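Contents: one structure, followed by commentary.
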Amino acid sequence: MKTFVVLLLLLLTLFITALHVSASSDDAWSNIEKQRLDTGGLSRDSFPEGFVFGTAASAYQVEGMASKEGRGPSIWDVFVKVPGNIVKNATGEVSVDQYHRYKEDVDLMHKLNFDAYRFSISWSRIFPNGKGKVNWKGVAYYNRLINSMLEKGITPYANLYHYDLPLALQEKYGGLLGDQVVKDFADYADFCFKTFGDRVKNWMTFNEPRVVAALGFDNGINPPNRCSKPFGNCTAGNSATEPYIAAHNLILSHAEAAKRYREKYQPKQKGRIGILLDFVWYEPLTRGKADNYAAQRARDFHVGWFLHPLVYGEYPRTMQEIVGERLPKFSKSDVKTVKNSFDFIGINQYTSYYMYDPHQPKPNVTGYQQDWNVGFAYERTKDPIGRRAYSQWLYEVPWGMYKAVTYIKERYGNPNVILAENGMDDPGNVTFPDALYDRERVNYYRSYLKELKRAMDDGANVTGYFAWSLLDNFEWLLGYSSRFGIVYVDFKTLKRYPKMSAYWFKQMLERKKH
Ligand code: GAL
């Protein structure tokens, strides 16, 4: 009897606590929604007619069902399973389960007044072995997702590759190091254009090929974890050559897919195709010549590595000189497919660093990062470049947005740019519901968007903006210890709670009633 009473009391306390937690979080939620937030003068009207606002995410980071419904493994699936690779050994096996909760998520986008969603298609969910047999359950999932977006008036922006190479191709021919990948990627892309292109009009081939090449083959911290001994903890690799080979194959794969799209599908489907490039702004530390050159080298080795071939048909001169024979060459026919192989360029812009000339003799071990021959700084005469977010690489530098976008405009003939990712993270263990009051994120978005607008007012041809990300999600090496969402996710219940920044967007993006 005594134990029964104790048990009953315990249950009652648990019930009351649960009630309290849900009541207080719901209160917090509706309190935020009612507040009028400072948009800093920004509204839809601050941007040109037709300017698109959306959020971005990627398949492995949000879908879950990673080894279910016929999906084949990607190079990330094996990597996350090795203990110690990811914070708390987290995986994307379940993540935020968008595979089942896509309707709720698309609904949220709609309620928050967004126009578009940039998602990615998991190659190995469509082709479990990278090529050959199709997994029709995967195809059905993307059909459901796309159709639900269209029902809610959310425009789909589909990216074909977000770090997740099918493992089968890695094992078969070394993945991005094998030139067979060019045809396999183009075939996969072709299948997606054919299958989804009646409804998807905005295509992207690769997300951040620079990150793929550098983190996968120079320091080897991301799969397939290849590097030279001095640069990381890899069992094999060559940081002097492999990043350049992987990047070359990425460029050729992009170009081949774009060619297929333009020749076979674009005339009928009337969509457009682009690529997503990450771009950190590099500001010279001092006004000296050497630091200016260092910053320029950094920009060339970063965004120029991909954008220069796409616009001008060759790698930046600085890279050609420094990398020499290790840099693959484009044949005459490659140049034909590569040059101008885009309708728009997606730029992922988060942060900026100072660059200086290290005045060091050439190092005797060679690698991609060594080739830059620069020093990184995060403060100038003791003034930090910006507040650091949770991720150690992410400093908040709004003026870097202006400079990055303006640089693309001036150096690359003012192409059509979509600002395809921008955002900041909080630590994963923030307490709830305090986490919903993400004032710093509101500041971040407001200040960066103002700078984006300034660049556009000065002539930059930017036609869209995507926040990273709608939901807290699987943040690669950091697992769930970093939260980038404008919507908080309780990783136990998978319940979604919009943060203040979500309501900030909702208010900023309000549509005028006519
Ligand atoms: C980008 C990447 C995303 C996301 C974000 C925040 O570089 O495309 O997948 O993780 O960074 O780190």
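First listed ligand is number 1; within each ligand, the first listed atom is number 1. If you read the sequence from its start, that first residue is 1, and numbering goes on from there. Predicted, not measured: the structure shown is a model, and the values here were computed from it.
Less than 4.0 angstrom separates some heavy atom of H162 from each of these atoms of ligand 1: 2 (C), 3 (C), 8 (O), 9 (O). With ligand atoms numbered from 1 in the order given, ligand 1 contributes 8 (O) to contacts under 4.0 Å with heavy atoms of N207. Atoms of ligand 1 found under 4.0 Å from any heavy atom of E475, numbered from 1 in the order shown, are 4 (C), 6 (C), 10 (O), 12 (O). The distance from ligand 1 to the heavy atoms of Y163 drops below 4.0 Å at these ligand atoms: 2 (C), 7 (O), 8 (O).
Residue contact annotation: W393 has a non-hydrogen atom under 4.0 Å from ligand 1.
Within a 6.0 Å radius of CG in D434, more than 12 heavy atoms belonging to other residues, nucleotides or ligands are found.
Not a single donor-acceptor pair under 3.5 Å links the side chain of R71 to the backbone N or O of S124. Remark: side-chain polar atoms of Q98 are not paired, donor with acceptor, to backbone N or O of H100 under 3.5 angstrom. The closest donor-acceptor contact from the side chain of D115 to the backbone of I154 lies at 3.5 Å or more, if one exists at all.
What you find for Y395 and G386 is that their closest heavy atoms are CD2-O, 3.5 Å.
Looking only at heavy atoms of the protein, atom 1 (C) of ligand 1 is closest to E421 OE1, 3.0 Å. In terms of protein heavy atoms, atom 5 (C) of ligand 1 is closest to Y350 OH, 3.3 Å. Here the heavy atom of the protein found nearest to atom 7 (O) of ligand 1 is E208 OE1, 2.6 Å.
Tested against F505, the residues F53, F114, F466 include a single ring-ring contact (aromatic ring centres under 6.0 Å, His included) partner, F114. Of the listed residues (R446, R441, R387), just one forms a salt bridge (Lys or Arg N to Asp or Glu O under 4.0 Å) with E396, and that residue is R387.
Residue-to-ligand polar distances place W476 within reach of ligand 1: an N/O pair is separated by less than 3.5 Å.
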